[in-house]
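I have placed the structure first, in the form of structure tokens, so that the comments after it can refer back to it.
Keep in mind the model is a prediction, meaning the values are calculated, not measured.
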Amino acid sequence: MEREKMKAVLESVLFTMGESVELTRLAQVLDIKPKEAEELLKEMKEEYDNDETRGITLMELEGAYQMCSKTELYEWLIKIAASPRKYTLTDSLLETLSIIAYKQPVTKLEIDKIRGVSCEHAVNRLLEFDLIMEVGRLDAPGRPLLFGTTEQFLRSFGVTSIEELPRLNSDHLEEFRAQAEKEVQLKLDI
């Protein structure tokens, strides 16, 4: 593989990982010796640092490398980091959030059973948005995590406690169940 292609691979890996990656792992990706990978990374760092049109550089951290922003651009990063983060709750996220709100504390397996699909992504996004949190572990084999809502959830939805959430009567539950079954059937038919 040519040198520029190897640098592109390293750049892609480091960008995608978003955290430091050990030199040995980077060398394995390219099927080269760690010393060769280190030379490529040092060239890349020099290229980034010498190019004023680039906002990134490479940082070495105890035998690992990470892509990061140049320190001289810090003041602009603060402007975006300090502004409140807006998030969008998709139907999938809202569905997962409502299951957690009404069934808490609840495990991912229980959410999966109710939704009929994996909730892994939705739970991770809701954790990221600070709308749910880990509240403990179920006393069962594997000790799965239990999830519940946060104070941020209450603030976001304008309630002071979970008890203020609207109660679902059995007619609504049947209607929701029928809608969910219909959606699952439509997905299976596609």
Side-chain angles (χ1 to χ4, degrees), residues 1-97 100 107-109 111-112 115 117-137 142-153 155-156 187:
M1 183 184 313
E2 67 181 65
R3 201 164 185 79
E4 293 306 311
K5 178 71 173 175
M6 287 192 285
K7 286 195 235 179
V9 170
L10 290 172
E11 182 178 58
S12 177
V13 168
L14 291 171
F15 174 80
T16 303
M17 294 302 290
E19 56 189 34
S20 64
V21 181
E22 297 83 17
L23 179 63
T24 53
R25 287 182 65 203
L26 292 169
Q28 286 173 344
V29 166
L30 294 171
D31 197 26
I32 60 176
K33 290 181 170 54
K35 187 72 178 159
E36 292 174 80
E38 185 177 29
E39 288 173 17
L40 289 169
L41 290 160
K42 287 186 181 198
E43 280 179 32
M44 290 169 61
K45 178 174 177 34
E46 191 175 314
E47 289 167 10
Y48 290 142
D49 291 347
N50 291 333
D51 186 346
E52 292 186 24
T53 65
R54 304 292 297 267
I56 58 172
T57 189
L58 287 177
M59 180 187 317
E60 183 183 358
L61 306 160
E62 298 180 349
Y65 287 82
Q66 181 172 356
M67 189 172 280
C68 60
S69 301
K70 290 182 176 177
T71 55
E72 60 266 24
L73 302 175
Y74 182 73
E75 68 182 274
W76 286 279
L77 295 173
I78 291 302
K79 288 179 183 179
I80 192 77
S83 65
R85 206 166 154 208
K86 293 181 181 176
Y87 50 83
T88 303
L89 293 177
T90 63
D91 289 345
S92 172
L93 293 179
L94 280 171
E95 189 177 291
T96 303
L97 182 58
I100 294 169
T107 65
K108 286 182 185 176
L109 182 61
I111 300 167
D112 288 349
R115 290 196 62 225
V117 294
S118 173
C119 68
E120 185 73 27
H121 174 72
V123 167
N124 289 338
R125 294 294 289 173
L126 293 170
L127 284 166
E128 184 181 317
F129 295 155
D130 192 31
L131 294 173
I132 65 169
M133 65 182 176
E134 296 173 4
V135 295
R137 291 189 174 271
R143 307 227 347 114
L145 289 169
L146 291 166
F147 295 94
T149 55
T150 62
E151 286 182 9
Q152 180 61 36
F153 166 83
R155 279 191 292 277
S156 296
K187 288 178 183 176

Are any non-hydrogen side-chain atoms of R155 and T150 less than 4.5 angstrom apart?
no

Answer yes or no: does atom CG of N50 have more than 12 heavy-atom neighbours from other residues, nucleotides or ligands under 6.0 Å?
yes

With rounding to the nearest 0.5 Å, note down the distance linking CD in E95 to CD1 in I100.
11.0 Å

Residue pair Y48 / E43, side-chain donor-acceptor N/O under 3.5 Å
no

Heavy-atom distance under 4.5 Å between the side chains of L89 and L131, does that happen here?
yes

Set of residues satisfying ring pair (Phe, Tyr, Trp, His ring centres under 6.0 Å) with respect to F153, sequence neighbours excluded:
F157

Is the closest side-chain heavy-atom distance between E134 and L146 below 4.5 Å?
no

Kindly check if the number of other-residue, nucleotide or ligand heavy atoms within 6.0 Å of CD (E46) is above 12?
no

Can you find a heavy atom in the side chain of L10 that is under 4.5 Å from one in the side chain of M44?
yes

Can you name the closest pair of heavy atoms from L93 and T88 and give their distance?
CD1-O, 3.7 Å

I need the L145 CG to L109 CG distance, nearest 0.5 Å.
12.5 Å

Within 6.0 Å of CD in E60, more than 12 heavy atoms from elsewhere:
yes

Looking only at heavy atoms, which two atoms of G148 and V135 are closest? And how far apart?
N-CG1, 3.8 Å

Just checking, is any N or O donor in the side chain of R125 or S92 under 3.5 Å from an acceptor N or O on the other one?
no

Output yes when E11 and R54 qualify as a salt bridge under the 4.0 Å nitrogen-oxygen rule, no when they do not.
yes

Keeping D112 on the side-chain end and C119 on the backbone end, is there a donor-acceptor pair under 3.5 Å?
yes

Salt bridge present between K45 and D49 (N-O < 4.0 angstrom):
yes

If we only count heavy atoms from C-beta on, is the L41 to L58 side-chain gap below 4.5 Å?
yes

Can you give me every donor-acceptor pair (side chain of residues 15-40, partner residue at least two apart or in another chain, under 3.5 Å) with its distance?
{"unit_1": "T16", "atom_1": "OG1", "unit_2": "S12", "atom_2": "O", "d": "2.8"}
{"unit_1": "E36", "atom_1": "OE2", "unit_2": "K33", "atom_2": "N", "d": "3.3"}

How close do A122 and T96 get, counting heavy atoms only, and between which atoms?
CB-OG1, 3.4 Å

In Å and rounded to the nearest 0.5 Å, what is the OG1 to CG distance from T57 to D51?
11.0 Å

Just by distance, do the side chain of R137 and the backbone of P144 share a donor-acceptor pair under 3.5 Å?
no

Take a 6.0 Å sphere around CD of E72 and say whether it holds more than 12 heavy atoms from other residues, nucleotides or ligands.
yes

With the side chain counted from C-beta on, respond yes when L126 and F147 share a heavy-atom pair under 4.5 Å apart, and no when they do not.
no

To check you understand the geometry: which heavy-atom pair defines the closest contact between Q66 and L61, and what is its length?
OE1-CD1, 3.6 Å

